[in-house]
Amino acid sequence: MSESLLEVKNLKKEYRNEDVVTPALNGVSFKIEKGEFVAIMGPSGSGKSTLMHILGFLERPSSGDYFFNGRNVNTFTDDELAETRGKEVGFIFQAFNLLPRTTLLDNIILPLFYTNVHKREWAYRAKKVLTEVGLEHRLTHTPGQISGGEKQRAAIARALINDPAVIFADEPTGNLDSKSGLQVMKILQELNDHGHTIILVTHERYTAEHSKRILKIKDGLIISDEMVGNRQIADGAKELIK
Amino acid sequence: MNFSQCVHNSFIIIGRNKLRSFLTMLGIIIGIMSVIVIMSVGAGAQSLILNQIKSMGSNLIGILPGKSEENGPPASVFGTPIVTLKNKDIQNLVSPAFPRVIAASSYARGLDTVAWGDNKVDTYFVGVSASYIDVEDTFVSQGRFFTEEEEKSIARVAVLGSKTAEDLFGDENPLGHQIKIKKTNFSIIGVMRERGVSGFQNQDDQIFVPVTAAQKLLLGINYINFARVKIDRSDSADDSVEYIKQSLRASHNIDNPEDDDFSVRSADQGLEVMGKITNAIRLFLVAIAAIALVVGGIGIMNIMLAAVQERTQEIGLRKAIGAKSKQIISQFLFETITITFLGGVIGIILGVAISATVAMAAQSMGYQWDLVISLPSIFLACLVSIGVGFIFGIAPARRAAGLDPIEALRYE
């Protein structure tokens with residue numbers, strides 16, 4: 001039997017703050033296969049961020065199982081979680097989270113600090129991923145010197161540098177104007193075309209429709225799981241990127 | 001994350017905020033610099049003092065009243081006058097029975113204001129024996145020194161130090177004039193040659209009178225403050241020291257050396273004692289400078305704690321992209337240590353530069369000042385600066401590692 005890339009079964013998460021228990025996920029089950037482009041969509045407070053954090057090994061569920069490549073993540077130690085985050089996962093955040101006053105090159109190689117990839121390979125990898133996002137000419141710029149769209153592309157390059165099994169994009173277009181947002185979506189679609197598995201978290205229908213499959217989540221439950229019928233393709237922006 | 005990656009990473013972070021990194025280092029720079037300067041200038045000053053003691057003549061043996069430990073300071077330095085040592089004891093030392101003793105002089109000192117015309121000077125009058133000029137290897141530039149007969153007859157004669165003579169009489173010839181010391185008239189029979197500073201004491205602003213006159217006419221005492229004995233050679237002073245001790249015991253009717261009421265020191269022993277005292281002073285000063293290091297360390301801890309707060313998002317990101325807790329700890333610890341180590345290196349460079357400047361200045365003023373910079377002390381300074389970084393970096397590093405990555409990522 002072929003294993004899914006990731007699979008969750010009856011996943012629950014609740015937050016305790018003193019005596020107040022706030023449920024965030026109330027039993028979520030689904031599978032995601034390698035090469036998929038899935039959007040997790042829901043209003044704020046629906047639990048979509050919590051779900052992404054659990055899927056991204058940043059948080060542990062209160063109950064339920066999470067299998068990654070067939071391995072039960074519940075058995076992972078904290079260090080194994082950190083290692084898996086470094087090797088198998090690339091994160092793209094709404095706020096970019098680039099280190100200020102640090103060159104794009106140094107920002108992009110940051111994940112390599114925590115791997116045992118040989119230093120000789122660092123520059124080669126950095127150039128490769130920067131080229132993929134069209135920023136090869138911005139190597140020595142700092143985040144303060146580039147636009148929001150370029151920042152997010154740099155963040156995508158950082159997410160790619162360890163060639164991860166899955167890329168999580170948490171509202172990647174949230175802080176961008178529509179043109180830059182489209183560029184970012186186009187890169188994500190291209191990456192997916194090249195075989196990368198992408199999980200997109202958003203509350204915008206239009207952004208979600210760039211994916212191939214939408215999981216709708218509300219009040220901690222999956223309320224629908226369907227393929228995108230009329231997929232948006234971000235194209236015609238090739239000139240804008242270069 | 002291996003060592004070179006840690007270094008690379010630390011330099012990225014430190015370079016990101018150069019002014020703050022420098023200010024953070026400042027405490028360590030100043031601390032290490034002070035320690036180096038104090039060690040080095042202290043050693044230089046020590047060499048100067050010891051050289052001066054040597055210049056007083058290493059074939060001298062000192063006698064002080066009161067018993068003392070072999071290498072400890074004599075009892076009389078604590079200020080209590082001890083009355084057991086007499087001029088007669090010293091006169092007895094020069095005898096054909098022990099020819100290695102060439103000369104011996106008693107010293108009894110007091111302070112008074114001496115006037116000539118409108119000129120007044122506060123000066124020490126020193127009662128010494130007639131053999132003083134032999135003991136101290138000096139001579140008069142004008143007139144003559146007083147004789148043994150004058151010493152015995154309590155003559156009211158005085159020999160001025162060169163500076164006292166100049167201060168009182170200017171260009172006038174002081175010989176034959178009368179000055180009043182403690183309301184007693186003394187006639188000036190000589191002026192000493194200029195000797196400069198030797199053994200903490202300016203030898204030139206004193207007035208020398210017969211020790212008998214100082215005791216009976218000026219001080220009203222029958223004891224002496226100390227004595228110096230000159231021996232023929234500086235080597236193997238031990239038998240001379242032993243001879244002097246036995247002679248004094250005989251004069252004082254002491255059978256048991258435990259009961260000695262005097263202490264006898266050769267110049268070598270004196271050097272040793274002085275070396276110990278100056279070392280103690282140096283260590284004390286270094287200890288004070290070390291406080292600056294501790295203060296600097298606390299400053300660094302404070303700034304690193306603030307940096308952890310400020311870089312919460314960065315820490316969250318680092319955790320999200322695969323940093324383990326211990327890697328976060330080592331990263332922050334390494335950053336702190338890099339800052340303190342760089343500060344230490346800068347401090348060492350500045351400290352050596354200042355010490356060299358002081359040494360050159362002192363040498364150019366004609367002092368026998370050695371530039372002493374010991375490699376172990378530099379090595380130690382490096383270790384200390386690393387240690388300070390380690391000790392004061394632990395708390396901020398642990399706080400950083402303890403952050404929850406999700407909270408940290410959300411932190412604005």
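Quick note on labels: first sequence line is chain A, next is B, and so on, each numbered from 1.
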For R311(B), all residues meeting salt bridge (Lys or Arg N to Asp or Glu O under 4.0 Å), sequence neighbours excluded: E314(B), E335(B)
Greater than 12 external heavy atoms within 6.0 Å of Y66(A)'s OH: yes
Close approach to chain B in residues 48-62 of chain A, criterion heavy atom under 4.5 Å: H53(A), L58(A), E59(A)
Spacing of OH belonging to Y114(A) relative to CD1 belonging to I328(B), to within rounding of 0.5 Å: 5.0 Å
Spacing of CD belonging to Q327(B) relative to CG belonging to D79(A), to within rounding of 0.5 Å: 8.0 Å
Separation of Q313(B) CD from L98(A) CG (nearest 0.5 Å): 10.0 Å
Part of K87(A) within contact of chain B (heavy atom distance under 4.5 Å): neither
Nearest heavy atoms of A82(A) and A323(B), plus distance in Å: CB-O, 3.7 Å
Test side-chain contact (heavy atoms from CB on, under 4.5 Å) applied to K324(B) and T77(A), step by step: CA-CA 11 Å; K324(B) 296 170 187 167; T77(A) 63; over 6 Å; no
Heavy atoms from other residues, nucleotides or ligands near CZ of R101(A) exceed 12 (cutoff 6.0 Å): yes
Atom CZ of R399(B): over 12 foreign heavy atoms under 6.0 Å: no
F379(B) atom CZ: more than 12 heavy-atom contacts under 6.0 Å: no
Flag, side chain of R85(A) to backbone of K319(B), donor-acceptor distance under 3.5 Å: yes
F67(A) atom CZ: more than 12 heavy-atom contacts under 6.0 Å: yes
Spacing of N162(A) atom CG and I321(B) atom CD1 [to the nearest 0.5 Å]: 8.5 Å
Close side-chain approach of F91(A) and L409(B), heavy atoms under 4.5 Å: no
F30(A), CZ: over 12 other non-hydrogen atoms inside 6.0 angstrom: yes
Option that, when pairs with chain B are counted at under 4.5 Å, heavy atom only, ranks first among P164(A), A159(A), G86(A): G86(A)
